[in-house]
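Working notes for the structure below.
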Number of protein chains: 2
Amino acid sequence: MAVQRRNTHQRQLVLDAVIARSDHPTAEEIYHDVRAHDEKISRGTVYRNLNLLEEAGAIRSVHVPGGNRFDRRIEDHAHVTCLICGSVQDAPLAYDDAVDARAAAETGYDVESHSTVFYGICPACQRKQQTT
Amino acid sequence: MAVQRRNTHQRQLVLDAVIARSDHPTAEEIYHDVRAHDEKISRGTVYRNLNLLEEAGAIRSVHVPGGNRFDRRIEDHAHVTCLICGSVQDAPLAYDDAVDARAAAETGYDVESHSTVFYGICPACQRKQQTT
DNA sequence: GTGTTTGCAAACTTTTTGCAAACAC
DNA sequence: GTGTTTGCAAAAAGTTTGCAAACAC
């Protein structure tokens with residue numbers, strides 16, 4: 001059975017902070033944003049709630065070089081990340097359920113989903129490289 | 001200009017340790033394996049060389065929940081990871097270059113490659129769940 | 001000989017955790 | 001009232017770094 005969850009002020013603030021951003025923030029960035037609304041909330045509470053909200057399916061996280069990023073979009077979708085500055089954005093890519101079954105059949109894993117990350121250089125970092 | 005690289009005993013040991021494993025080891029596991037051959041090598045040296053070898057293209061790393069894993073296979077390919085124990089394995093999935101161009105066109109990023117990770121439950125963890 | 005690399009240890013970053021008080025239901 | 005959640009602070013985990021000695025070329 002799932003653990004019972006209570007609706008606390010702090011949990012709502014963390015969820016709101018993730019929803020307010022479209023740029024896939026880090027835990028530290030969420031902590032910073034939440035502190036702007038509540039000077040007393042602690043880092044531990046932010047981390048605990050990010051993990052609980054992810055478990056509950058209210059938010060998701062993206063694993064990229066440089067750490068974990070949180071995502072308000074909970075449907076399956078791809079991302080692109082910058083190899084220089086680490087920025088993360090949504091990327092268009094049709095989600096193909098069929099490949100999950102194929103991967104399951106060939107690996108023996110009970111596959112639930114998949115995630116694709118594109119690696120490249122973001123527009124801002126491209127401009128900086130040209131200046132070099 | 002790329003930094004000049006010297007062929008040290010320690011660097012070779014780290015590379016050999018990655019090549020010797022097919023299970024996508026963590027940095028700590030590589031450190032442990034290398035220590036079996038050289039009691040004096042330090043953690044710092046292992047981390048430095050893993051990063052240098054990855055930069056040089058001799059090995060790759062996979063970013064999954066739970067941390068970074070190293071991979072002796074340097075060609076593009078997919079992975080499957082266990083949501084319970086964190087194990088990582090190669091997964092069969094045709095690598096499609098065309099999607100990189102599409103992602104680049106729609107995001108403005110200069111996309112170099114992509115990586116797909118399947119999430120699921122590995123055979124061993126499936127068996128443990130049945131016992132519950 | 002020159003410049004890179006190593007071992008060591010300390011520092012840093014990020015995340016988790018124990019506990020008593022505060023809070024949601 | 002009962003059991004969850006919070007803030008705090010410490011600890012844990014993972015990785016990086018400064019430096020003098022050692023080493024590769």
Side-chain angles (χ1 to χ4, degrees), chain A residues 1-18 24-56 58-71 81 85-86 88, chain B residues 1-18 24-56 58-71 81 83-86 88:
Chain A
M1 61 292 180
V3 179
Q4 187 178 333
R5 295 284 157 67
R6 292 182 176 174
N7 297 323
T8 64
H9 180 58
Q10 292 88 339
R11 185 161 303 153
Q12 189 64 48
L13 283 176
V14 171
L15 177 57
D16 289 347
V18 175
H24 306 82
T26 62
E28 187 64 23
E29 288 168 332
I30 291 298
Y31 172 68
H32 176 265
D33 288 0
V34 170
R35 290 284 284 198
H37 291 92
D38 179 347
E39 273 295 326
K40 294 281 184 279
I41 199 169
S42 72
R43 217 177 235 99
T45 296
V46 171
Y47 275 92
R48 270 185 293 231
N49 279 311
L50 284 171
N51 289 339
L52 290 174
L53 289 166
E54 186 180 3
E55 264 181 59
I59 62 175
R60 298 191 73 164
S61 69
V62 191
H63 299 271
V64 292
N68 275 19
R69 313 288 292 253
F70 292 90
D71 195 340
T81 185
C85 72
V88 176
Chain B
M1 59 297 178
V3 179
Q4 185 178 333
R5 294 284 156 67
R6 290 182 176 174
N7 298 323
T8 63
H9 180 58
Q10 292 90 339
R11 185 160 303 154
Q12 189 63 47
L13 283 176
V14 171
L15 178 57
D16 289 347
V18 175
H24 307 81
T26 61
E28 187 64 24
E29 288 168 333
I30 291 299
Y31 171 67
H32 176 264
D33 289 0
V34 169
R35 289 285 284 198
H37 291 91
D38 178 348
E39 273 294 328
K40 293 282 185 279
I41 199 170
S42 72
R43 216 176 237 97
T45 296
V46 171
Y47 275 91
R48 271 185 292 234
N49 279 311
L50 284 170
N51 289 339
L52 289 173
L53 288 166
E54 187 181 1
E55 264 182 59
I59 62 176
R60 298 191 73 166
S61 67
V62 191
H63 300 272
V64 292
N68 275 19
R69 314 287 293 253
F70 291 89
D71 194 340
T81 185
L83 294 165
I84 295 177
C85 71
V88 176

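Residue numbering restarts at 1 for every chain, and letters A, B, ... go by the order of the sequence lines.
- Nearest-nucleotide positions on DNA chain C for A:Glu28 and B:Thr8 put B:Thr8 closer to the 5' end.
- Residues A:Arg35 and B:Ala27 both approach DNA chain D. Their nearest nucleotides, taken by heavy-atom distance, put A:Arg35 toward the 5′ side.
- Between B:Ser61 and B:Glu54, the side chains place a donor N or O and an acceptor N or O closer than 3.5 Å (distance only, hydrogens not considered).
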query: Given Watson-Crick or G-U pairs with both distances under 3.5 Å, what dot-bracket string fits DNA chain C, with | for other-strand pairs and [ ] for crossing?
result: |||||||||||||||||||||||||
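- Checked options B:Leu15, B:Asp71, B:Leu52, B:Asn49; the residue passing with B:Ile59 is B:Leu15 (criterion: side-chain contact (heavy atoms from CB on, under 4.5 Å)).
- Between B:Asn7 and the phosphate of D:dC25, there is a side-chain N or O to OP1/OP2 separation shorter than 4.0 Å.
- The stretch residues 37-55 of chain B comes close to DNA chain C through B:Lys40, B:Ile41, B:Ser42, B:Thr45, B:Arg48, B:Asn49, each having a heavy atom under 4.0 Å from the strand.
- The two residues B:Pro25 and B:Ile30 have their closest heavy-atom pair at CG-CD1, 3.5 Å.
- Separating the CZ atom of A:Arg11 from the C1' atom of C:dA22 is a distance of 14 Å, rounded to the nearest angstrom.
- A straight line from NE2 of A:His63 to C1' of C:dT14 spans 14 Å, rounded to a whole angstrom.
- Per the geometry, CD belonging to B:Glu29 stands 10 Å off P belonging to D:dG14, to the nearest Å.
- Nearest nucleotide to the B:Asn68 side chain, out of C:dT5, D:dT15, D:dT5: D:dT15.
- Between the side chain of B:Arg11 and the backbone N or O of B:Arg6 there is at least one donor-acceptor pair closer than 3.5 Å.
- The closest donor-acceptor contact from the side chain of B:Gln12 to the backbone of B:His9 lies at 3.5 Å or more, if one exists at all.
- Dashed line: the shortest gap from a side-chain N or O of B:Gln10 to OP1 or OP2 of D:dC23 is not under 4.0 Å.
- The nearest whole Å value for the distance from the CD atom in A:Gln12 to the P atom in C:dA24 is 13 Å.
- Distances shown here put every side-chain N or O of B:Arg6 at or beyond 4.0 Å from the OP1 or OP2 atom of C:dG3.
- B:Phe70 places its CZ atom 13 Å from the P atom of D:dG14, with the value rounded to the nearest Å.
- Among residues two or more places apart in sequence or in another chain, the salt bridge (Lys or Arg N to Asp or Glu O under 4.0 Å) test is passed with A:Asp33 by A:Arg21.
- Of all heavy-atom pairs spanning A:Ala27 and A:Val46, the tightest one is O-CG1, 4.3 Å.
- The two residues B:Arg35 and B:Ile41 have their closest heavy-atom pair at NH1-O, 2.6 Å.
- Nearest-nucleotide mapping onto DNA chain D: of B:His9 and B:Gly67, the residue sitting toward the 5' end is B:Gly67.
- Annotation for A:Glu55 and A:Arg5: closest pair OE1-NH2, 3.7 Å, computed over non-hydrogen atoms.
- If you take OH of A:Tyr31 and P of C:dT16, they are 16 Å apart, rounded to a whole angstrom.
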